Protein chains: 4
Amino acid sequence: MVGAIDINCDLGESYGRFKIGNDDAVFPYLTSCNVACGFHGGDPQTMEQTILSAIDHNVVIGAHPSYPDLQGFGRRRLQMDGGELKAAIKYQVGALKAMCESQGTSVRYVKPHGALYNACFSNPAETTAVLEAIEEIDQNLILMGLAGSLMEEVSVQLGRPFIAEAFADRRYTAEGFLQSRSEVGSVISTADDAVQQVLDIVMKNQVTSYDGAILDVKAQSVCIHGDNPAALQILQALDQAFAEKGIEKKSFIS
Amino acid sequence: MVGAIDINCDLGESYGRFKIGNDDAVFPYLTSCNVACGFHGGDPQTMEQTILSAIDHNVVIGAHPSYPDLQGFGRRRLQMDGGELKAAIKYQVGALKAMCESQGTSVRYVKPHGALYNACFSNPAETTAVLEAIEEIDQNLILMGLAGSLMEEVSVQLGRPFIAEAFADRRYTAEGFLQSRSEVGSVISTADDAVQQVLDIVMKNQVTSYDGAILDVKAQSVCIHGDNPAALQILQALDQAFAEKGIEKKSFIS
Amino acid sequence: MVGAIDINCDLGESYGRFKIGNDDAVFPYLTSCNVACGFHGGDPQTMEQTILSAIDHNVVIGAHPSYPDLQGFGRRRLQMDGGELKAAIKYQVGALKAMCESQGTSVRYVKPHGALYNACFSNPAETTAVLEAIEEIDQNLILMGLAGSLMEEVSVQLGRPFIAEAFADRRYTAEGFLQSRSEVGSVISTADDAVQQVLDIVMKNQVTSYDGAILDVKAQSVCIHGDNPAALQILQALDQAFAEKGIEKKSFIS
Amino acid sequence: MVGAIDINCDLGESYGRFKIGNDDAVFPYLTSCNVACGFHGGDPQTMEQTILSAIDHNVVIGAHPSYPDLQGFGRRRLQMDGGELKAAIKYQVGALKAMCESQGTSVRYVKPHGALYNACFSNPAETTAVLEAIEEIDQNLILMGLAGSLMEEVSVQLGRPFIAEAFADRRYTAEGFLQSRSEVGSVISTADDAVQQVLDIVMKNQVTSYDGAILDVKAQSVCIHGDNPAALQILQALDQAFAEKGIEKKSFIS
């Protein structure tokens, strides 16, 4: 066995009759899932069903809180002040936590969604608000964020645990950020390219940026987006590649 | 001492810049407060501040979940199926529960809001969905509802605890329901009338309907609406009347 | 030519990143389209694009206003009073009207969506509010509704024009209502069954209820639901059947 | 008569049961009103009533579109792309336009609300999106914005009419921007200070910044915020000062 890696995916993002993603199909391939909490997707009944599916598939549950922006799917930056943001995170994570506990399971980590995730890269105030919120809701909750980013730095500074993740299906810039979704090619849509990127991450702790730079990346988890139309193919191809290379899929929760 | 009664009030119903009620002024007079959970009012930051105020004033906290209808302030009947409704209640109560626990306190009871409260009178399915939701979130949570109504009946049938409440500032019909808000005079707006109604409830276990019928009412709590413009005067007049009559204000939580 | 019929479809129901329906595929087969106006689906940008597609395909545009209930996709009954409902309809139809005019086209009719459509069957107050709203926004707007229903009756009584529609993909009750979506089989999902129902409507002015009753139906338009997964197959099969039978597809707007 | 000035106010910002402002009291003092269009406040029924009040008081109607952010009252910056923003403006202005025309009146100008207004200062893309939107909805609509700002500059460059406004109740920075609401003292709350600022604007075409700089300001309209608790006193004091100085209150629409 050359190594082990967690595979996480954004799930439970449907909203009422509006369906997003292919949750039933991808659940069997995951070790962790980031569950939408109602602000960018994920109505309460969808949250319930997603929790039950996670239990069925023995997948670790994380909360996936967002700016309050259903219309923009949480992908638009919204200037909330620190107190507003912290309360919004507590509300979302708290709702999921209580719903998980009502089903005999628990939330183990928190990963900010969309534009909030990106805001945490460049804005220590935003990362701090998120860290304070999750510490107040449950001291055992772990922040998940971009490997090597300000999120990791601030977490370490504040003595808080951190799960570093890398992306299977998103291109990186030479600076180690995610290339903007508005750029053509920023989302990797073929299984081959995604598998190559993941193998580089797991076996070499490296990723190649869209413009050819080689970046150091130390990640404990790899993310595949649930709304990527190729998500299922990528996950199946990863399973095969992992079997060939002797890589174990395994949650970061021991 | 001729008796003791709990005084509850709907609070925390402001939403962002939209302010409703006079929470700071009424808090000192309450023994219980029903905290809005975001679906008819009560954004996350307002919820936080309301929890902190309840702690400061040593007031017992209840959840006040609603249909998802901010525009209608939860006062319009919305036909949700049982699963949807149950999940919506779990989400709201769960969010408040986690936020309370983050401040070192806890939610002790649940009182449905507005049109959902009224729906529970005439609809056992709706009351059952609410009871199942709160039992799943926390077995110790108690339903609060209209004294003598179907809500009380269903709770007793299912072996669940129940807090019966009566209203200081709403007129009753001869059948023991609340007179519709669309009727003139349905909201009691003078302190004298409200005090008289409360004294009848506490001392005689009776209330007089708007059309003169004498009803039996056994209540452990009395509600004053936070958005009643006369709320503060009613609460002050009640204090004086209670002092004269030797009635103690006391939470139903011993 | 044995006759002519209008084919309408609910379109533009996507909301931001939440995609519903297969608009691009079905547009070429329609003569009329019912465009969502933001309250159950249809964000402003989706509305713009739907208007442009309707112009491209020379399809007549109708407004498809709803109760304000994105989470329930407008399929849950919401008890709005007459003034509230009328203003909500005016707002939605008005927004679409102005956006159509900005592209050099116009709204020609209004068809209530989902639970509001159903409410209009049994509730003259609701139909009246809708009729008043659309008359105030534009005297030339025509109400579209279920053939033979109270909507038709009230429209005739008030001297207002009316487009009677029947359904290709929904089963009828013996009373001439639509069978509830909560019943198995209420949505027709095979092209053969749908074609048969449409041919009966167009050629015999009849429809067979789910339990075998023969109903008289006089319709000027036939509806296929855009979110029916079989919508495209049904529309293609209809084209073939119409060609064989000599039925012309034609808008009710001459 | 030494001059004439338009007085505008943000109105119709209540949302369902959530009441904001004191519209009935301030309407008699206005020559123009900026009507909320549902995205930061202003449900459809409130819009209807505000239009009727404007007609009663012979006040010119402008649209007051916002980012879609009810919780933040449109005062939080939201990163919408140009197409999204343009469609959102068209939807809001279009709805108000159609509702005005249904009452026999019309929208005459458009003033962006809150964070969108501020975004237009520093961002030509945002101003351009707004200008394109209003031109498409109605070629006769005029943009209203901050005197001397980028909004004025871009409007002039594009050959579009522009109404320059100054503020009675907000402090300016030395650069001619509005001081942020998060700064203490940024909102002028005494009638004397507001009157002095308005007289300087009207009679000297000047305003003094919070830190003592004298700025040139050429304005055709002066804004008082409807949610300023001192709004009514300011308006009454202005009337008296205008009478003394021989200044006429008059809409910019001749």
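All heavy atoms count here, side chains included; hydrogens, waters and symmetry mates do not. Since this is a predicted model, take the numbers as computed values, not measurements. Every chain is numbered from 1, with letters handed out A, B, ... down the list of sequences.
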Checklist entry - Taking everything shown except R108(B) itself, do over 12 heavy atoms lie less than 6.0 Å from its CZ? => result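 No, because the 6.0 Å sphere around CZ of R108(B) holds 12 heavy atoms or fewer from other groups.
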Next on the checklist: Looking at every non-hydrogen atom in both residues, tell me the closest pair between Y15(B) and L70(D) and how far apart they are.
Outcome noted: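 Here Y15(B) and L70(D) meet closest at CE2-C, 4.3 Å.
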Item to check | From F18(D) atom CZ to E13(B) atom CD, the distance as rounded to the nearest 0.5 Å | outcome: 7.5 Å
Checklist outcome for this item: Checked K19(B), R17(B), H40(B), R75(B) vs chain D; the most non-hydrogen pairs under 4.5 Å come from R17(B)
